[in-house]
Structures are given as C-alpha cells and as structure tokens.
Amino acid sequence: MADITPIIPSDRQVIDGYGEGQFCVSGQWRVGAVIVLPDRTLPWTATDAAALTAADFAAVREAEPKVELLLLGTGPTMKLVSKALRQELREAGIVVEFMDSGAACRTYNVLLAEGRRVAAALLPV
C-alpha cells in the first residue's frame with residue numbers, strides 16, 4: 001500500500017482541525033480567529049469579514065519570507081470583503097482568495113505541503 005499523505009516539515013504550522021469557534025494548529029487548540037503562517041500562528045482580533053480593514057492584515061504584510069498567497073476564511077460561509085479593502089491588499093502585494101473557513105483550512109495544508117509561501121487568516125465557524 002502506498003502512503004499518499006503529504007510530507008510537511010515538522011517545523012511548519014499545520015491546521016489539524018476546526019470546530020465551533022476554534023482551530024487546532026499543530027496540535028494546539030486556539031479559541032477565536034487566528035492567522036496561520038508557515039512558521040507561527042497568531043491570535044487575530046478580527047470578528048467579522050464585513051468589518052475588516054487593511055490594518056487587520058499587518059502580520060501577513062510583515063511576514064518574512066513574504067507570503068505569496070493569503071487564504072481568507074470568512075467563517076461558516078464564503079463572503080467577500082469591500083472592494084476598497086481588496087484593492088488595498090492587492091496594492092500591498094497580497095493575493096487573497098476568499099472561501100469559507102473550512103475550505104481555507106484544507107487548502108492551506110495542501111499549499112503548505114507543496115512548499116508554497118501561504119498564510120491563512122481564519123474567522124471561526
């Protein structure tokens with residue numbers, strides 16, 4: 001039998017699961033919103049996709065090495081943010097994909113396994 005599980009380096013932050021109001025990242029459950037970068041996970045003060053501003057993404061903009069793709073998990077359902085915010089993020093060099101938080105968790109792990117410089121900003125489900 002072949003093992004098809006992607007090999008992710010042990011020093012990377014892997015999203016193990018999610019549930020009502022929380023995320024499990026590298027074996028540690030975290031309550032509330034989080035930003036997951038390949039090398040660390042940060043609490044995120046965001047609570048609502050409609051209220052997000054460019055300042056809410058400072059940790060992503062400042063990450064080194066530079067994030068090439070941000071997955072924005074908007075909670076239990078996919079929502080778009082304002083056109084102005086999308087434009088600000090684009091101008092800051094951040095490519096953003098919007099999806100529900102469950103899809104963002106799964107997609108993050110796949111892209112991380114591919115060696116991509118990905119981050120996930122996740123609002124709770």
Side-chain angles (χ1 to χ4, degrees):
M1 181 180 286
D3 181 5
I4 60 169
T5 306
I7 297 175
I8 299 174
S10 62
D11 64 340
R12 297 290 165 212
Q13 298 289 290
V14 176
I15 302 172
D16 301 314
Y18 58 94
E20 191 171 323
Q22 58 187 341
F23 298 94
C24 185
V25 183
S26 294
Q28 182 179 2
W29 282 97
R30 297 164 182 268
V31 175
V34 294
I35 292 178
V36 183
L37 298 160
D39 62 342
R40 66 191 179 282
T41 299
L42 307 167
W44 194 29
T45 58
T47 58
D48 179 31
L52 292 171
T53 67
D56 291 313
F57 300 94
V60 176
R61 284 193 321 270
E62 297 164 3
E64 288 295 332
K66 187 169 175 50
V67 170
E68 66 182 27
L69 177 62
L70 172 64
L71 305 172
L72 179 54
T74 57
T77 60
M78 195 279 291
K79 300 173 187 165
L80 289 177
V81 297
S82 72
K83 183 176 181 179
L85 176 57
R86 293 193 310 265
Q87 181 65 33
E88 282 183 74
L89 293 172
R90 190 176 310 115
E91 288 172 2
I94 300 172
V95 176
V96 182
E97 292 290 333
F98 302 91
M99 54 191 73
D100 67 75
S101 291
C105 290
R106 294 184 297 274
T107 304
Y108 170 87
N109 286 340
V110 169
L111 295 174
L112 187 69
E114 292 176 353
R116 302 277 301 272
R117 292 187 317 270
V118 63
L122 305 168
L123 294 173
V125 294

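For the ring-ring contact (aromatic ring centres under 6.0 Å, His included) condition, no pair includes a residue of residues 104-125, sequence neighbours left out. Among residue pairs with one or both ends in residues 71-96, none qualify as ring-ring contact (aromatic ring centres under 6.0 Å, His included); sequence neighbours excluded. For residues 105-116, the set of pairs meeting the salt bridge (Lys or Arg N to Asp or Glu O under 4.0 Å) definition, not counting sequence neighbours, comprises E68-R116. Residue pairs meeting the ring-ring contact (aromatic ring centres under 6.0 Å, His included) criterion with at least one member in residues 56-85, sequence neighbours excluded, are W44-F57.
Atoms CG and CD, from L122 and Q22 in turn, are 13.0 Å apart once rounded to the nearest 0.5 Å. Annotation: the span from M99 atom CE to L71 atom CG amounts to 5.0 Å, rounded to 0.5 Å. The CG atom of L72 lies 8.5 Å from the CG atom of L85; values are rounded to the nearest 0.5 Å. Taken to the nearest 0.5 Å, the OG atom of S101 stands 8.5 Å off from the OH atom of Y18. From T107, atom OG1 reaches atom CG of L112 across 12.0 Å, with rounding to the nearest 0.5 Å. Atom OG1 of T74 and atom CZ of F98 lie 8.5 Å apart (nearest 0.5 Å).
A donor-acceptor pair is defined here as one N or O able to donate and one able to accept, closer than 3.5 Å; such a pair exists between the side chain of R61 and the backbone of A54. Side chain of N109 to main chain of V14: no donor-acceptor pair is present (N/O by atom type, distance under 3.5 Å, no hydrogens or angles). Under a 3.5 Å cut-off, the side chain of D100 and the backbone N or O of G75 do not form any donor-acceptor pair.
Residues A120 and I15 share a closest heavy-atom pair of CB-CD1, 4.5 Å. Residues A46 and L52 approach most closely at CB-CD2, 3.5 Å, considering heavy atoms. The minimum heavy-atom distance linking P124 with G21 is given by the pair CB-CA, 3.6 Å.
Follow the hydrophobic side-chain contacts under 4.5 Å out from L111 and you reach V95 in the same cluster. Note on I94: it clusters hydrophobically with L80, by side-chain heavy-atom contacts below 4.5 Å among ILVMFWY residues.
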May I have the list of side-chain donor-acceptor pairs in residues 27-43 shorter than 3.5 Å, sequence neighbours left out?
residue: Q28; atom: OE1; partner: R30; partner atom: NH2; Å: 3.2
residue: T41; atom: OG1; partner: Q13; partner atom: OE1; Å: 2.7

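Residues passing the side chain to side chain donor-acceptor pair (under 3.5 Å) test with R12, sequence neighbours excluded: none.
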